[in-house]
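Down below is the structure, laid out as structure tokens.
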Amino acid sequence: MSRRPAGVSVPVRVRPGAGRTRVGGRYEGPHGPALIVAVGAPAVDGKATEAVRRALAGALGVRPGEVSLRLGATSRDKVFTVTAAPGSWTERLADLRDSG
């Protein structure tokens with residue numbers, strides 16, 4: 001029997017309405033050290049959340065379908081789950097979160 005991997009939780013601090021999409025930086029949030037993701041989409045009707053999901057997938061080099069929202073649908077502090085097999089994307093996550 002094949003089981004889908006449980007995934008890795010990735011805390012994110014969202015900055016909606018930014019001039020451009022940017023992934024990088026660290027924010028000490030309620031879910032632990034979070035990766036900062038700035039997106040141009042407004043925080044209306046889930047537009048910013050979807051933009052963050054896609055930006056996070058792109059920055060980590062995984063498919064958008066492997067990134068899903070777990071917590072924080074209406075909050076700037078979110079937790080996404082990445083179900084891609086751990087590998088180079090986990091190192092990339094650490095590098096992005098610890099960059100300025």
Original post:
Is a side-chain donor or acceptor of Arg92 paired with a backbone partner of Ala59 at a separation under 3.5 angstrom?
Top reply: yes
Subject >> Which atom of Arg26 lies closest to which atom of Arg97, heavy atoms considered >> reply: CB-O, 3.0 Å
**OP:** Over all heavy atoms of both residues, which pair between Ala48 and Ala43 is shortest? Give the atoms and the distance, please.
**Re:** CB-CA, 4.0 Å
Original post:
In Å, rounded to the nearest 0.5 Å, how long is the span from CG of Asp95 to OG of Ser88?
Top reply: 10.5 Å
**OP:** With the side chain counted from C-beta on, respond yes when Val10 and Thr81 share a heavy-atom pair under 4.5 Å apart, and no when they do not.
**Re:** no
Subject >> Main-chain N/O of Arg63 paired to Glu66 side chain as donor or acceptor, under 3.5 Å >> reply: yes
**OP:** Answer yes or no: is there a donor N or O on one side and an acceptor on the other, between the side chain of Arg20 and the main chain of Val39, under 3.5 Å?
**Re:** no
Subject >> Considering all heavy atoms, the nearest Val37-Ala55 contact >> reply: CG1-CB, 4.1 Å
Original post:
Which atom pair, heavy atoms only, marks the closest approach of Thr49 to Phe80?
Top reply: O-CZ, 4.1 Å
Original post:
From Leu96 CG over to Leu60 CG, what is the distance, rounded to the nearest 0.5 angstrom?
Top reply: 6.5 Å
Original post:
Okay, side chain of Lys78, backbone of Gly72: is any donor-acceptor separation there less than 3.5 Å?
Top reply: yes
**OP:** Before giving the answer on side-chain contact (heavy atoms from CB on, under 4.5 Å), spell out for Trp89 and Val8 the whole-Å C-alpha distance, their side-chain angles and the decisive distance to 0.1 Å.
**Re:** CA-CA 11 Å; Trp89 75 262; Val8 175; 3.6 Å; yes
**OP:** Using side chain to side chain donor-acceptor pair (under 3.5 Å) as the criterion, list what pairs up with Arg70, not counting sequence neighbours.
**Re:** Ser9
Original post:
What is the distance from atom NE2 of His31 to atom CG of Leu71, rounded to the nearest 0.5 Å?
Top reply: 5.5 Å
**OP:** Determine, using the 4.5 Å side-chain heavy-atom cutoff (strictly less than), whether Val23 and Val79 are members of one ILVMFWY cluster.
**Re:** no
Subject >> Least distance between heavy atoms, Arg53 atom then Val67 atom >> reply: CD-O, 3.2 Å
Original post:
Nearest heavy-atom pair of Ala41 and Ala51: which atoms, and what distance?
Top reply: CB-CB, 3.9 Å
Subject >> Single-linkage hydrophobic cluster Leu69~Ile36, side-chain heavy atoms < 4.5 angstrom >> reply: no
Subject >> Reported CG-to-OG distance for the pair Leu35 and Ser99, which is rounded to 0.5 angstrom >> reply: 7.5 Å
